[in-house]
**Student:** 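Have a look at this one before I ask anything.
Computation of the quantities below employed the complete heavy-atom set of this structure, encompassing side-chain atoms and omitting hydrogens, waters and symmetry-equivalent molecules. The structure presented is a predicted model; accordingly, all values stated were derived computationally and were not measured.
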Amino acid sequence: MREPTILHQTEDIYYPFLAVVGVLVNSVAILILSRGKCGLSKCITHYLVAMAVADLLVVFTDVILFTVFPFHFPDTYLNTTPALSLLHVLLYAATDISVWFTVVFTFDRFVAICCQKLKTKYCTEKTVNVVITTVSVLFCLKSVPWYFVYEPECIINNVPWGVLVSLSYYTESAWVAFHSLSIILTPFFPFVLILLLNALTVRHILVANRVRRKLLDHSKNENHTDPEMENRRKSIILLFTISGSFILLWMTNVACFLYVRFANIKNYRHPHDPAYIAEQSGYMLQLLSTCTNTCIYAVTQTKFREQLKNAVKYPFTVIVKLVK
């Protein structure tokens, strides 16, 4: 039995709640976006649907199967070594794919806004499908070695239970290189790419808007409107809220990892240790990122809100019709 600290009591409430909310909001996002009635381009819609599917997989693997289910049902087959090893593969694959879908979406919007010559070739439905498929396959293959990282914690009646990280993972050069590559690919490289692409996008927007304002100031039509700038503004809001949310919610986890590594802290698993509390809090915020995109769509996209309202009203409308 673990010590009933405030952190653990919070986790006992937080993770089941996150599981319910995560499944609900991502399922709703997939259903609404898949209909293609939100006024978004097919490229954006494909990326947003893919991101919602990836987030839903993270909720199933990391929150439900890895965190909630074993706590409430500790003696099921899911706690055997083969099942836990496979679950780690699925968990890491889903997390990597979720993170990198955010990266490729950010790059797609960077090309659409800043690279007009490349836009016509890159920002197409075919390219989106190729990118999504490639990212999914690569990170599924990259996650396979995680199955061989763990060894049984104990063996009961010839059945291996639980998992422990094998000693070779810390000593053999191949495993050390694999661990370093995993850390670089998720989340450090995505952090750098998203920040860089957003910075370049902002710089391009500021320059382009300055030029367009000068041209519009010389226009004779005083009541002019600029639909291009309006469409660009909506696209930018969607891009920056999604990527900004990712950065903010992963920041604590990344900062804790860097602190533990550079401070050379090895034993910080006591529930009252500030480093442990910060690490677990960062993990909780990281998983919260699987639920935020749907809220972002609802806040920033008018047509998405309309579709969401229609979806909420639909069951009541059907009931009223049946009663009449």
Side-chain angles (χ1 to χ4, degrees), residues 51 54-55 57-63 65-67 84-107 131 134-151 163-199 242-269 273-290 292:
M51 291 162 67
D55 287 342
L57 290 176
V58 173
V59 172
F60 270 118
T61 56
D62 206 339
V63 181
L65 296 180
F66 187 75
T67 305
L84 283 173
S85 298
L86 178 60
L87 180 57
H88 275 88
V89 173
L90 299 175
L91 185 155
Y92 282 109
T95 301
D96 288 344
I97 291 170
S98 175
V99 169
W100 277 90
F101 277 173
T102 304
V103 175
V104 294
F105 170 72
T106 304
F107 181 75
V131 170
T134 303
V135 169
S136 301
V137 172
L138 286 178
F139 282 101
C140 284
L141 294 175
K142 176 256 175 189
S143 300
V144 170
W146 285 108
Y147 186 87
F148 306 99
V149 169
Y150 303 97
E151 57 187 26
V163 289
L164 293 173
V165 178
S166 61
L167 293 177
S168 61
Y169 181 72
Y170 300 104
T171 57
E172 293 185 6
S173 56
W175 282 121
V176 173
F178 173 74
H179 175 73
S180 300
L181 178 64
S182 298
I183 296 299
I184 291 171
L185 289 178
T186 304
F188 288 107
F189 195 40
F191 255 62
V192 174
L193 281 178
I194 290 174
L195 289 173
L196 177 61
L197 291 171
N198 282 344
I242 290 176
S243 57
S245 171
F246 168 79
I247 293 292
L248 289 174
L249 293 175
W250 275 78
M251 189 177 294
T252 303
N253 201 348
V254 173
C256 289
F257 175 83
L258 292 174
Y259 171 73
V260 170
R261 280 304 177 91
F262 286 108
N264 197 25
I265 298 175
K266 296 181 179 179
N267 298 316
Y268 62 101
R269 291 294 175 180
D273 193 310
Y276 176 79
I277 295 173
E279 180 191 56
Q280 294 303 307
S281 300
Y283 183 60
M284 292 165 70
L285 290 173
Q286 170 195 324
L287 291 176
L288 180 62
S289 66
T290 61
T292 55

**Student:** With side chains defined as the heavy atoms from C-beta onward, is the minimum distance between Tyr92 and Ser182 less than 4.5 Å?
**Tutor:** no

**Student:** Please report the C-alpha distance between Ser85 and Val163 in whole Å, then the side-chain angles of each, then the deciding distance to 0.1 Å, and finally whether the side-chain contact (heavy atoms from CB on, under 4.5 Å) criterion is met.
**Tutor:** CA-CA 7 Å; Ser85 298; Val163 289; 4.2 Å; yes

**Student:** Apply side-chain hydrogen bond (donor to acceptor under 3.5 Å, both in side chains) to Asp96 and list each qualifying residue two or more places apart in sequence or on a separate chain.
**Tutor:** Lys142, Thr186

**Student:** Please check if atom CZ in Phe257 has more than 12 non-hydrogen atoms from other residues, nucleotides or ligands closer than 6.0 Å.
**Tutor:** yes

**Student:** Can you tell me how far CD of Gln280 sits from CG of Asn253, rounded to the nearest 0.5 angstrom?
**Tutor:** 9.5 Å

**Student:** With under 30° as parallel and over 60° as perpendicular, where do the rings of Tyr169 and His179 fit, or are they tilted in between?
**Tutor:** perpendicular

**Student:** Drop me the distance from Met284's CE to Thr67's OG1, to the nearest 0.5 angstrom.
**Tutor:** 10.5 Å

**Student:** Is there a side-chain contact between Leu167 and Glu151 in this structure, where contact means two heavy atoms from C-beta onward sitting under 4.5 Å apart?
**Tutor:** no

**Student:** Hey, does Val103 have a side-chain heavy atom less than 4.5 Å from the side chain of Phe107?
**Tutor:** no

**Student:** What are the two closest non-hydrogen atoms of Cys140 and Ala93, and how far apart are they?
**Tutor:** CA-CB, 4.2 Å

**Student:** Given side chains that start at C-beta, do those of Thr102 and Met51 come closer than 4.5 Å, heavy atoms only?
**Tutor:** yes

**Student:** List the residues meeting salt bridge (Lys or Arg N to Asp or Glu O under 4.0 Å) with Asp55, not counting sequence neighbours, and say none if there are none.
**Tutor:** none

**Student:** Would you mind reporting whether Tyr150 and Leu164 have side-chain heavy atoms less than 4.5 Å apart?
**Tutor:** no

**Student:** When the ring planes of Trp250 and Phe246 are compared, do they come out parallel, tilted or perpendicular, using 30° and 60° as the limits?
**Tutor:** tilted

**Student:** Centroid-to-centroid, Trp100 to Phe139, below 6.0 Å?
**Tutor:** yes

**Student:** Taking all atoms of both residues into account, what is the closest heavy-atom pair of Leu87 and Thr61, and its distance?
**Tutor:** CD1-O, 3.8 Å

**Student:** Between Phe148 and Trp175, which heavy-atom pair has the shortest distance, and what is it?
**Tutor:** O-CZ2, 3.9 Å

**Student:** Using the six-membered ring wherever Trp is involved, compare the ring planes of Phe66 and His88 and label them parallel, tilted or perpendicular (cut-offs 30° and 60°).
**Tutor:** perpendicular

**Student:** Looking at Gln286, is its backbone amide N or carbonyl O close enough to the side chain of Ser289 to form a donor-acceptor pair, meaning the two atoms are under 3.5 Å apart?
**Tutor:** yes

**Student:** Between Phe60 and Leu90, is any pair of side-chain heavy atoms under 4.5 Å apart?
**Tutor:** no

**Student:** Given side chain to side chain donor-acceptor pair (under 3.5 Å), test Asp62 with Tyr283 step by step and report yes or no.
**Tutor:** CA-CA 11 Å; Asp62 206 339; Tyr283 183 60; 2.3 Å; yes

**Student:** On a heavy-atom basis, which atom in Pro190 and which in Pro187 lie closest, and how many Å separate them?
**Tutor:** CD-O, 3.3 Å

**Student:** On a heavy-atom basis, which atom in Ser245 and which in Thr292 lie closest, and how many Å separate them?
**Tutor:** OG-OG1, 3.1 Å

**Student:** If you measure from CD1 on Ile183 to CZ on Phe189, what distance do you get to the nearest 0.5 Å?
**Tutor:** 15.0 Å

**Student:** If we only count heavy atoms from C-beta on, is the Phe188 to Leu258 side-chain gap below 4.5 Å?
**Tutor:** yes

**Student:** Report yes if the side chains of Ile247 and Phe191 come closer than 4.5 Å at any heavy-atom pair, otherwise no.
**Tutor:** yes

**Student:** Apply side chain to side chain donor-acceptor pair (under 3.5 Å) to the pair Thr106 and Ser243, showing each step before the final yes or no.
**Tutor:** CA-CA 7 Å; Thr106 304; Ser243 57; 4.9 Å; no

**Student:** Taking the side chain from Ser166 and the backbone from Val149, do they hold a donor-acceptor pair closer than 3.5 Å?
**Tutor:** yes

**Student:** What heavy-atom pair brings Ile97 and Ala54 nearest, and what distance separates the two atoms?
**Tutor:** CG2-CB, 4.1 Å

